[in-house]
**Student:** 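Questions regarding the structure given below will be posed in turn.
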Amino acid sequence: MFPLLSRQGRLAITEKQLGNSSIVTMKPDGSDQKVVFNADGAGLDPALVKKGLAGAFQPALSPDGQWIAFGVGAWFQERAHGKATVMRAKADGSGHEALTDGTVHSGFPSYSADGRYLGYRVWGENNFGLRVMYLSDKSVRILTKEVDNLPFWSPDGKLIVFTRKTSATNFDICTIRPDGSGLKTLTTSQANDPHAVWTYDGRIAWSSGMYGFRDDAAIYDNTFQPYGQIMVMNADGTGKRLTTDSCGRILYRSTYQISFCKFRSLLG
């Protein structure tokens with residue numbers, strides 16, 4: 001899960017095949033695999049680890065390729081009462097350190113373009129939002145206080161894209177400057193629009209529920225939300241377009257049931 005390719009050509013992932021959600025690096029062809037952080041020694045609940053609900057999640061590579069940051073703790077629904085710590089490890093696996101103190105659920109880190117800062121999110125009762133850490137002295141700046149998640153720094157370092165819970169049933173894609181100014185909400189479809197990342201050329205790709213809430217289909221083969229669609233847009237929210245078009249989802253129109261692709265073909 002959470003694959004990320006470094007500028008130096010090294011792939012980092014959360015490796016679930018080992019049974020403990022550890023951080024592993026490898027060459028893009030899958031060879032030369034190396035365990036950078038073994039979640040077995042992190043003091044996590046073995047039962048949650050076995051279920052995939054705890055471990056080391058989402059590696060983030062520093063621009064110089066020397067460090068990998070990630071979150072260690074309980075995830076998914078367990079975040080409601082569990083804790084998680086942002087950590088970083090040497091890319092060669094020679095050592096690691098905690099960057100947050102574990103008193104609040106912290107995770108999903110992302111390095112700034114110059115490698116001096118680390119963005120991440122916190123999650124807990126009366127303590128939500130995005131944070132930015134200055135790595136030289138570990139000082140932290142509060143960026144937002146809403147229910148925000150999955151921050152990713154833009155390639156040029158000027159913006160952070162993230163997912164915000166905008167209502168009880170809706171999520172949207174937003175951007176903000178690293179100093180906390182210029183907040184923009186880029187999606188207004190009233191569908192769930194989560195999981196945004198930056199493309200190499202500075203655009204934003206994300207999973208959309210505009211065609212049914214199916215965003216996990218790109219990750220899981222046997223998901224209960226099949227046929228998720230991936231969209232792309234410019235950094236300012238313009239130029240939205242569909243990049244995938246999976247057939248098979250059923251649309252309901254009165255008493256008729258018809259596949260999306262067939263329905264679209266009838267419309268011309």
Side-chain angles (χ1 to χ4, degrees), residues 1-4 6 12-14 21-23 36-37 39 42 44 54-64 66-76 78-91 96-155 157-165 171 173-183 194-198 204 206:
M1 296 178 64
F2 306 112
L4 185 64
S6 73
I13 63 170
T14 289
S21 297
S22 293
I23 302 298
V36 173
F37 179 84
L44 303 173
F57 271 36
Q58 189 177 296
L61 290 143
S62 63
D64 61 8
Q66 297 300 305
W67 291 93
I68 301 178
F70 46 91
V72 178
W75 304 100
F76 304 115
E78 296 299 320
R79 69 189 175 193
H81 50 81
K83 296 292 189 292
T85 302
V86 173
M87 304 187 69
R88 67 174 178 175
K90 286 284 190 179
H96 60 268
E97 65 172 330
L99 298 177
T100 62
D101 61 13
T103 58
V104 65
H105 197 288
S106 304
F108 298 97
S110 174
Y111 276 94
S112 63
D114 59 10
R116 298 167 60 202
Y117 298 90
L118 196 72
Y120 62 98
R121 72 101 177 95
V122 298
W123 192 285
E125 186 176 358
N126 300 318
N127 196 357
F128 293 96
L130 306 183
R131 306 290 184 264
V132 172
M133 176 180 290
Y134 184 40
L135 289 169
S136 66
D137 63 6
K138 307 299 191 300
S139 60
V140 175
R141 178 171 67 251
I142 296 175
L143 206 60
T144 70
K145 294 184 178 180
E146 303 300 317
V147 183
D148 299 328
N149 207 349
L150 302 168
F152 287 97
W153 224 294
S154 64
K158 294 181 179 179
L159 290 172
I160 295 173
V161 68
F162 62 97
T163 299
R164 169 166 287 185
K165 187 175 184 179
F171 294 85
I173 304 303
C174 303
T175 57
I176 195 170
R177 296 191 185 102
D179 63 1
S181 64
L183 174 67
H195 302 171
V197 297
W198 294 96
I204 295 170
W206 82 102

**Student:** Please check if the distance between the ring centroids of Phe108 and Trp75 is under 6.0 Å.
**Tutor:** yes
**Student:** Please name the pair of heavy atoms, one in Ala60 and one in Leu4, separated by the smallest distance, quoted to 0.1 Å.
**Tutor:** CA-CD2, 3.8 Å
**Student:** Please test Phe70 against Gln58 for side chain to side chain contact (heavy atoms under 4.5 Å, CB included), starting from the C-alpha separation and ending with a verdict.
**Tutor:** CA-CA 5 Å; Phe70 46 91; Gln58 189 177 296; over 6 Å; no
**Student:** Determine whether Tyr120 and Leu99 make a side-chain contact, defined as any pair of heavy atoms from C-beta on separated by less than 4.5 Å.
**Tutor:** no
**Student:** Ion pair present between Asp179 and Arg177, side-chain N to carboxylate O less than 4.0 angstrom?
**Tutor:**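 The answer is no: the pair does not qualify as a salt bridge.
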**Student:** Report yes if the side chains of Pro59 and Phe37 come closer than 4.5 Å at any heavy-atom pair, otherwise no.
**Tutor:**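 No - every pair of side-chain heavy atoms lies 4.5 Å or more apart.
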**Student:** Considering only heavy atoms from C-beta outward, does the side chain of Leu118 approach that of Arg88 to under 4.5 Å?
**Tutor:** no
**Student:** Hey, are the side chains of Asp148 and Arg121 touching, using non-hydrogen atoms and a 4.5 Å cut-off?
**Tutor:** no
**Student:** Check whether any side-chain heavy atom of Trp206 sits under 4.5 Å from a side-chain heavy atom of Val197, and report yes or no.
**Tutor:** no
**Student:** So, Ser110 side chain and Trp153 main chain: donor-acceptor pair closer than 3.5 Å or not?
**Tutor:** yes
**Student:** Given 3.5 Å as the limit, does a donor-acceptor pair link the side chain of Arg141 with the main chain of Gly180, or not?
**Tutor:** no
**Student:** Which atoms form the tightest heavy-atom contact between Arg131 and Gly129, and what is the distance?
**Tutor:**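 Closest approach of Arg131 to Gly129, heavy atoms only: NH1-C, 3.6 Å.
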**Student:** Using 0.5 Å steps for rounding, measure from the CG atom of Asn149 to the CZ atom of Arg79.
**Tutor:**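 Result: 6.0 Å between the selected atoms.
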**Student:** Taking all non-hydrogen atoms of both residues, which atom of Leu61 and which atom of Ala12 are closest, and how far apart?
**Tutor:**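 Closest pair (atom of Leu61, atom of Ala12, distance): CD1-CB, 3.9 Å.
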**Student:** For Leu130, which of Thr144, Val122, Ile142 qualifies under side chain to side chain contact (heavy atoms under 4.5 Å, CB included)?
**Tutor:** Thr144
**Student:** Return the minimal non-hydrogen interatomic distance between Gly102 and Thr85, and the atom names on each side.
**Tutor:**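 Looking at all heavy atoms of both residues, the shortest contact is CA-OG1, 3.3 Å.
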**Student:** Could you tell me whether the side chain of Tyr117 reaches within less than 4.5 Å of the side chain of Tyr134, counting heavy atoms only?
**Tutor:**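 Answer yes - side chains close enough.
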**Student:** For the side chain of Thr163 and the backbone of His195, is there at least one donor-acceptor N/O pair under 3.5 Å apart?
**Tutor:**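 Here the side-chain-to-backbone pair exists.
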**Student:** In Å and rounded to the nearest 0.5 Å, what is the NZ to CG distance from Lys83 to Asp101?
**Tutor:**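 That separation rounds to 10.5 Å.
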**Student:** Closest approach of Val104 and Trp123, non-hydrogen atoms and distance?
**Tutor:**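 It is CG2-O, 4.0 Å.
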**Student:** With side chain to side chain contact (heavy atoms under 4.5 Å, CB included) as the test, would you mind laying out the steps for Thr14 and Ile23 before giving the verdict?
**Tutor:** CA-CA 5 Å; Thr14 289; Ile23 302 298; 3.8 Å; yes
**Student:** Donor-acceptor pair, His96 side chain versus Val36 backbone, under 3.5 Å?
**Tutor:** no
**Student:** Would you check if the side chain of Ser62 reaches a backbone N or O of Trp67 as a donor-acceptor pair within less than 3.5 Å?
**Tutor:**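 Pair found, side chain donor or acceptor close to backbone of Trp67.
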**Student:** Quick check: do Asp64 and Tyr111 have side-chain heavy atoms less than 4.5 Å from each other?
**Tutor:** no
**Student:** For Lys138, does the NZ atom have more than 12 heavy-atom neighbours from other residues, nucleotides or ligands under 6.0 Å away?
**Tutor:** yes
**Student:** Can you confirm whether Pro63 sits close enough to Asp114 that some side-chain heavy atom of one is under 4.5 Å from a side-chain heavy atom of the other?
**Tutor:** no
**Student:** Nearest 0.5 Å, what's the OG-CG distance between Ser106 and Asn127?
**Tutor:**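 Result: 8.0 Å between the selected atoms.
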**Student:** Can you give me the closest heavy-atom contact between Pro151 and Ile160, atom names plus distance?
**Tutor:** CB-CG2, 3.8 Å
